[in-house]
> 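Take this structure, written in structure tokens, and hold onto it; I'll ask about it next.
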Number of protein chains: 2
Amino acid sequence: MDIKQLDKKTELKQRIFFALSDPGRYKIVCMLYSVGHEMGCNELNQHVEIDKSTMSYHLRTLREIGITSTRTQGRQKYVSLNKDWIETLIPGLLSHL
Amino acid sequence: MDIKQLDKKTELKQRIFFALSDPGRYKIVCMLYSVGHEMGCNELNQHVEIDKSTMSYHLRTLREIGITSTRTQGRQKYVSLNKDWIETLIPGLLSHL
DNA sequence: TTTATAGTTTTATAATTATCAAACAATAGA
DNA sequence: TCTATTGTTTGATAATTATAAAACTATAAA
């Protein structure tokens with residue numbers, strides 16, 4: 001593996017740490033991990049008490065980093081955790097949140 | 001373990017993530033972990049290229065979170081990584097930086 | 001077609017954070 | 001004592017980030 005990929009990996013790890021340093025995003029990730037399957041944004045909102053636009057903002061951050069993925073069905077959006085991707089970068093992290 | 005301690009632990013984890021989300025602090029922690037022993041601030045400065053006052057600022061942040069400890073000897077200060085403490089909170093984290 | 005629902009984007013604002021120059025404190029050695 | 005070294009603190013500034021209201025988009029259902 002060359003140095004550029006190492007730098008890329010390091011940057012991704014730092015972004016994951018950034019994501020998890022915010023209480024709201026931390027809760028979102030924990031919730032998704034503990035339920036073990038995708039959740040509707042609305043459903044998430046019921047468990048994590050934050051304004052819907054703030055929620056949307058955090059979900060976008062998580063999506064852009066690569067931590068979550070989104071699936072649209074009708075007028076609902078389902079958010080899922082990219083467990084394997086995170087696990088590849090920082091093994092064991094999720095299980096110790 | 002009661003809920004207050006859980007919250008305290010969660011807060012500490014989030015602070016560790018915050019610390020590691022900054023490139024400078026990430027490098028400091030990696031350096032301390034890889035050398036495996038304490039380092040003088042000056043020595044750290046030679047390896048991690050940041051302004052000395054910025055370095056001091058980051059070292060204070062790390063110290064206040066609990067990630068590092070400092071020992072003064074003469075006019076030198078030695079920084080060491082609180083490996084065990086971090087390992088207790090987030091097992092395996094350091095080895096995957 | 002109208003209305004309600006689900007979520008995003010825009011805009012504004014407040015708060016936090018990172019950076020570095022300059023001044024400062026403390027100690028070792030000449 | 002004087003000076004160089006080691007590091008901290010202060011102050012100013014720029015950049016980033018979090019929050020929420022309001023406007024907006026898109027779809028489902030009445």
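Computed from a predicted model, the values in this text were never measured in an experiment. Letters A, B, ... mirror the listed sequences (proteins, then strands); counts begin at 1.
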> For the NE2 atom of A/His47 and the OG atom of A/Ser34, what is their distance to the nearest 0.5 Å?
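Output value for this atom pair is 8.5 Å.
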
> Tell me whether the NZ or CZ atom of B/Arg25 lies within the 45° cone about the ring axis of B/Phe18 and under 6.0 Å from its centre.
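Yes, B/Arg25 lies over the aromatic ring of B/Phe18.
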
> Quick check: closest heavy atoms across A/Lys13 and A/Leu89, and the distance to 0.1 Å?
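Scanning both residues completely, I find the closest heavy atoms to be CE-O, 3.5 Å.
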
> Can you check the A/Glu43 CD to C/dT5 P distance for me, whole Å?
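My rounded result for the distance is 18 Å.
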
> Has A/Arg75 got a side-chain N or O lying under 4.0 Å from the OP1 or OP2 atom of C/dT8?
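No, because none of the side-chain N or O atoms of A/Arg75 sits under 4.0 Å from OP1 or OP2 of C/dT8.
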
> Does A/Val79 belong to the same Ile/Leu/Val/Met/Phe/Trp/Tyr cluster as A/Tyr57, with side-chain heavy atoms less than 4.5 Å apart forming each link?
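No: no chain of side-chain contacts under 4.5 Å links A/Val79 to A/Tyr57.
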
> If you find the nucleotide of DNA chain D closest to A/His58 and the one closest to B/Ser56, which residue's nucleotide is nearer the 5' end?
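The 5'-side residue here is B/Ser56.
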
> Round to the nearest Å and state the distance from A/Asn45 atom CG to C/dT8 atom C1'.
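Rounding to the nearest Å, CG of A/Asn45 and C1' of C/dT8 are 13 Å apart.
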
> Whole angstroms only, please: what is the CD-C1' distance between B/Glu64 and C/dT17?
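Going from B/Glu64 (CD) to C/dT17 (C1'), I get 14 Å.
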
> Roughly how far, to the nearest 0.5 Å, is CG of A/Leu44 from OH of A/Tyr78?
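It comes to 12.0 Å.
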
> Any link between A/Val48 and B/Phe17 through a network of hydrophobic side chains (Ile, Leu, Val, Met, Phe, Trp, Tyr) touching at under 4.5 Å?
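Same cluster.
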
> Could you tell me how far apart B/Arg15 (CZ) and C/dT17 (P) are, to the nearest whole angstrom?
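The answer, rounded to whole Å, is 10 Å.
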
> Check whether more than 12 heavy atoms from other residues, nucleotides or ligands sit under 6.0 Å from atom CD of A/Glu49, and answer yes or no.
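Not buried by this count: 12 neighbours or fewer within 6.0 Å.
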
> Have a look at B/Tyr78 and say if it touches a base, only the backbone sugar-phosphate, or nothing, with a 4.0 Å heavy-atom cut-off.
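It contacts nothing in the nucleic acid.
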
> Earliest and latest nucleotide of DNA chain D, 5' to 3', sitting under 4.0 Å from a non-hydrogen atom of chain A?
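Boundary nucleotides touching chain A, in 5' to 3' order, are D/dT17 to D/dA28.
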
> All N/O contacts under 3.5 Å from nucleotides 20-22 of chain C to the protein, with atom names and distances to one decimal?
from   : atom 1 : to      : atom 2 : distance (Å)
C/dC20 : OP2    : B/Thr54 : OG1    : 3.4
C/dA21 : N6     : B/Ser53 : OG     : 3.4

> Using modelled atom types only, decide if a donor and an acceptor are shared between the side chain of B/Lys83 and the backbone of B/Tyr33 within a distance under 3.5 Å.
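Side chain of B/Lys83 to backbone of B/Tyr33, a donor-acceptor pair under 3.5 Å: no, none is there.
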
> Would you kindly give the CG-to-C1' distance between B/Leu59 and C/dT19, to the nearest whole Å?
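Answer to the nearest Å: 15 Å.
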
> Step through the shown structure and confirm whether more than 12 heavy atoms of other residues, nucleotides or ligands are within 6.0 Å of CZ on A/Arg63.
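Atom CZ in A/Arg63 is crowded, with more than 12 foreign heavy atoms closer than 6.0 Å.
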
